[in-house]
Amino acid sequence: MEATTSNCRMLLIEINEKLSSDDFQSITFLAKDIVNRKRIKEKENRLEFFEDLEKKAVIKCGTEETDLLFLKQAFLIMGKNNLVSALDEFGEGPCKQSSRETFVNTRRKLLYQVGEETGQEELQNLKAHLSSKVGVGKRTLDLIRDVWDCLDVLEERLSDSEMFPLLKTVYTADVKLSGLLDDFIKVGEHAQTHTLGTQVEDRMGSEETTYDPPPPSDGSTMTPDGALSEFSATTLSSRLSAYDKGKNAGICIVLNNETFGNANTHPTRNGTNADRDLLEWSFKLFGFDVRVYNNKTCQEISYILGEIQQIDHKDNGALVVCTLSHGNLNVVSGACGQDLPINSMTSLFRADNCPSLAGKPKFFIFQACQGKDTQDVWHQTNAPVMAESDTNLVPNSPMAEVMTEVPHLHQLNLAPAEADFLIAHSTMPGYVSFRNDKGSFFVQSLVKHLKAHSPREDVISILVEVNRDVSQTIGRTSGGQIAAQIPEPKVRLTKKFYLFPVETEV
């Protein structure tokens with residue numbers, strides 16, 4: 001048969017007609033690393049799936065080249081030998097591993113195997129784990145139609161180091177599948193396609209083989225990604241534990257100072273209420289009991305935090321304290337204009353001062369300057385917009401002009417008393433922190449990325465992304481000096497810290 005474009009498209013139509021609804025869900029799951037499965041599920045015309053594959057150059061139906069290898073690989077995994085035969089007859093011959101890319105990797109094949117071994121009992125067990133272990137609400141659970149939807153949610157909410165051990169607990173009775181999962185966990189996410197590639201594929205009965213490159217010429221034993229092989233099963237199998245999220249998320253305090261006793265030394269902080277509202281909205285999204293306090297003196301702030309210290313936090317997963325004010329090195333300003341040492345705020349919640357929060361994350365967020373200097377930059381990018389700094393200003397201090405695009409948002413273990421703190425400063429020691437009437441660049445970015453990446457990423461990883469985002473804020477003082485801002489997280493956490501959105505019922 002001549003492999004023309006017309007014949008190729010007719011073949012795809014024929015294949016589509018032979019795929020049951022469950023078959024289609026299976027192949028879209030196998031293609032999930034290539035095309036957007038969520039968007040595919042929303043389409044009424046299933047042929048658009050094949051069009052998406054062609055747009056990604058995964059399959060080709062052109063006049064000069066026809067390549068349907070991905071479909072052959074997928075149908076082999078699915079056991080659709082009739083469709084494999086149809087593709088062979090079309091002109092490409094038997095599907096064999098060659099120098100051409102294997103589109104369906106070991107990880108995806110393993111998750112597919114999980115799906116294939118899932119009956120109604122396992123599906124209900126998975127959904128129960130989604131509710132109890134992952135924090136998925138009833139509304140989302142009701143939308144799960146099959147195991148593929150269930151696995152979609154797991155991939156969205158958990159990292160591989162969390163998802164595969166959870167799956168292993170669900171499929172403990174299935175010796176073969178439990179063994180596959182255990183192999184994958186031991187190797188780790190990074191080396192999955194190399195060190196145990198052949199072993200996993202053999203257990204799954206794949207007709208494909210995995211290519212293992214020869215060792216380097218210098219005689220050292222290396223994995224294909226350059227890591228010493230002795231680390232592949234030991235170092236990569238270890239993973240950091242995560243803080244328990246608690247029965248309740250916890251309490252979030254927002255201390256927002258907009259106006260001060262002396263407007264000459266401490267000007268009104270225009271835009272801070274936008275930050276306040278965003279933080280309140282964001283931490284309510286994550287299930288926190290948010291309490292907002294406006295324009296409080298140093299004495300009042302100390303009293304408020306003292307009251308929070310006395311609360312029994314045994315059912316809470318964490319504590320969050322957000323402070324929006326003027327500031328200087330290691331201090332923030334009360335509405336009275338006096339300085340409050342940051343250490344006096346955090347020390348209230350040390351393990352020896354607040355035992356019910358021992359071993360739990362204490363997340364302090366400071367949108368305040370830590371000095372009066374501006375940070376140098378290499379080059380400028382965007383057009384300037386007016387902004388202010390959150391330093392303790394003295395009369396005649398220049399305002400800052402910043403070039404930026406402001407984001408649009410919508411059990412006790414023995415440990416040091418100072419452990420389990422995460423302190424996120426909007427800027428480095430000695431430098432100013434910028435803000436305009438839409439809010440501060442740091443808080444705007446923080447809220448945006450917490451919402452976008454939680455709980456798939458832990459908070460520290462998200463703060464790194466915030467650093468990147470805010471560092472693109474390029475500024476220039478009124479004296480013509482170009483300046484920038486880079487936040488500074490101080491990490492004393494002992495586990496990974498995740499925030500989990502609370503599902504709301506509609």
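Keep in mind the model is a prediction, meaning the values are calculated, not measured.
Between E162 and K496, no side-chain nitrogen of the basic residue sits less than 4.0 Å from a carboxylate oxygen of the acidic one, so the salt-bridge criterion is not met. In this structure, D160 pairs ionically with R107, as a charged nitrogen and a carboxylate oxygen lie closer than 4.0 Å. Salt bridge K32/D152: present, at least one basic N to carboxylate O contact under 4.0 Å. Ion pairing of K284 with E280 is present here, as a side-chain N (NZ or NE/NH1/NH2) and a carboxylate O approach within less than 4.0 Å.
Taken as a pair, C322 and C252 fail the criterion of an SG-SG distance shorter than 2.5 angstrom.
S445 contributes no side-chain N or O that, together with a main-chain N or O of F441, makes up a donor-acceptor pair within less than 3.5 Å. A donor-acceptor pair is defined here as one N or O able to donate and one able to accept, closer than 3.5 Å; no such pair exists between the side chain of S461 and the backbone of E457. Proximity of a side-chain donor or acceptor of K360 to a complementary backbone N or O of N316 within less than 3.5 Å is detected. A donor-acceptor pair under 3.5 Å links the side-chain atoms of S471 to the main chain of R468, judged by distance alone. For the pair D149 (side chain) and R145 (backbone), a donor-acceptor distance under 3.5 Å is present. Side chain of E122 to main chain of G119: a donor-acceptor pair is present (N/O by atom type, distance under 3.5 Å, no hydrogens or angles). T172 places a side-chain N or O within donor-acceptor distance of the main-chain N or O of T169, the cut-off being under 3.5 Å. Between the S131 side chain and the K127 main chain, no donor and acceptor come within less than 3.5 Å of each other. In this structure, D244 contributes its side chain and G246 its backbone to a donor-acceptor pair below 3.5 Å. No donor-acceptor distance shorter than 3.5 angstrom exists from the side chain of K495 to the backbone of L493, with no hydrogens or angles considered.
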Would you check, one step at a time, whether the test side chain to side chain contact (heavy atoms under 4.5 Å, CB included) holds for L111 with F164? CA-CA 9 Å; L111 289 174; F164 285 98; 3.9 Å; yes

Output, in order, the C-alpha distance, side-chain angles, deciding distance and verdict of side chain to side chain contact (heavy atoms under 4.5 Å, CB included) for K448 and D469. CA-CA 10 Å; K448 177 179 70 174; D469 195 9; 3.0 Å; yes

Does the pair D420 and Y243 meet the rule for a side chain to side chain contact (heavy atoms under 4.5 Å, CB included), with working shown? CA-CA 10 Å; D420 305 301; Y243 287 105; 2.5 Å; yes

Between E54 and R9, does a salt bridge (Lys or Arg N to Asp or Glu O under 4.0 Å) hold up when you go through it step by step? CA-CA 11 Å; E54 195 168 1; R9 304 227 182 275; 2.7 Å; yes

May I have the step-by-step check of side chain to side chain contact (heavy atoms under 4.5 Å, CB included) for L167 and L177, ending in yes or no? CA-CA 10 Å; L167 289 173; L177 188 55; over 6 Å; no

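To the nearest 0.5 angstrom, F70 atom CZ is 8.5 Å from I59 atom CD1. Rounded to the nearest 0.5 angstrom, L180 CG and Q113 CD are separated by 6.0 Å. Atoms OG1 and CG, from T66 and L87 in turn, are 11.5 Å apart once rounded to the nearest 0.5 Å. A distance of 12.5 Å separates SG of C150 from CG of L143, quoted to the nearest 0.5 Å. Within the model, atoms CD1 of I15 and CG of L11 stand 4.0 Å from one another, a figure rounded to the nearest 0.5 Å. Atom OG of residue S282 and atom CG of residue D275 lie 11.5 Å apart, to the nearest 0.5 angstrom.
G135 approaches R157 most closely through the heavy-atom pair O-NH1, 4.4 Å. Nearest heavy atoms, I365 versus V320: CD1-CG1, 4.3 Å. Minimum heavy-atom separation, C61 to L12: SG-CD1, 3.8 Å. Considering all non-hydrogen atoms of both residues, F50 and L19 come closest at CZ-CD1, 4.2 Å. Between E116 and S26, the shortest heavy-atom contact is OE2-OG, 4.2 Å. Nearest heavy-atom pair, D182 versus K168, reported as atom, atom and distance to 0.1 Å: OD1-CE, 3.4 Å.
Between F283 and F363, the ring planes lie perpendicular to each other; the angle is over 60°, past the 30° to 60° tilted range. Between H425 and F366, the two ring planes are parallel [angle under 30°; tilted spans 30° to 60°].
The shortest distance between side-chain heavy atoms of V466 and F442 falls below 4.5 Å. Between V170 and V114 there is no side-chain heavy-atom pair separated by less than 4.5 Å. L422 places a side-chain heavy atom less than 4.5 Å from the side chain of V459. Between P487 and T427 there is no side-chain heavy-atom pair separated by less than 4.5 Å. Taking 4.5 Å as the limit, some side-chain heavy atom of I144 sits within range of a side-chain heavy atom of L130. A 4.5 Å side-chain heavy-atom check between F421 and F364 finds at least one atom pair inside the cut-off. The shortest distance between side-chain heavy atoms of V254 and V290 falls below 4.5 Å. You'll find the side chain of L71 reaches within 4.5 Å of the side chain of I27, heavy atoms only.
Checked against side chain to side chain donor-acceptor pair (under 3.5 Å), S20 has the following partners two or more places apart in sequence or in another chain: D23. Residues meeting the side chain to side chain donor-acceptor pair (under 3.5 Å) test with N467, sequence neighbours left out: none. Remark: A249 pairs with F288 by the side-chain contact (heavy atoms from CB on, under 4.5 Å) rule, at least two apart or across chains. Qualifying side-chain contact (heavy atoms from CB on, under 4.5 Å) partners for Q120, counting only residues two or more places apart in sequence or in other chains: L123, Q124. Residues passing the side-chain contact (heavy atoms from CB on, under 4.5 Å) test with R291 are I251, I253, D289, Y293, I308, I311, sequence neighbours excluded. By the side chain to side chain donor-acceptor pair (under 3.5 Å) test, K490 pairs with no residue at all, sequence neighbours left out.
Ring centers of W148 and Y112: under 6.0 Å apart, within the cut-off.
Using modelled atom types and a 3.5 Å distance limit, the side chains of Q25 and R37 yield a donor-acceptor pair. Side chains of S440 and Q367: a donor-acceptor N/O pair is present below 3.5 angstrom, by distance only. Counting only N and O atoms by type, the side chains of N125 and Y171 include no donor and acceptor under 3.5 Å apart.
Remark: of the listed residues L83, I77, D88, D67, D88 is the sole one forming a side-chain contact (heavy atoms from CB on, under 4.5 Å) with K72.
Figure legend: K80 and F75 shown without cation-pi pairing, the cationic atom not lying both under 6.0 angstrom from the six-membered ring centre and within 45 degrees of its axis.
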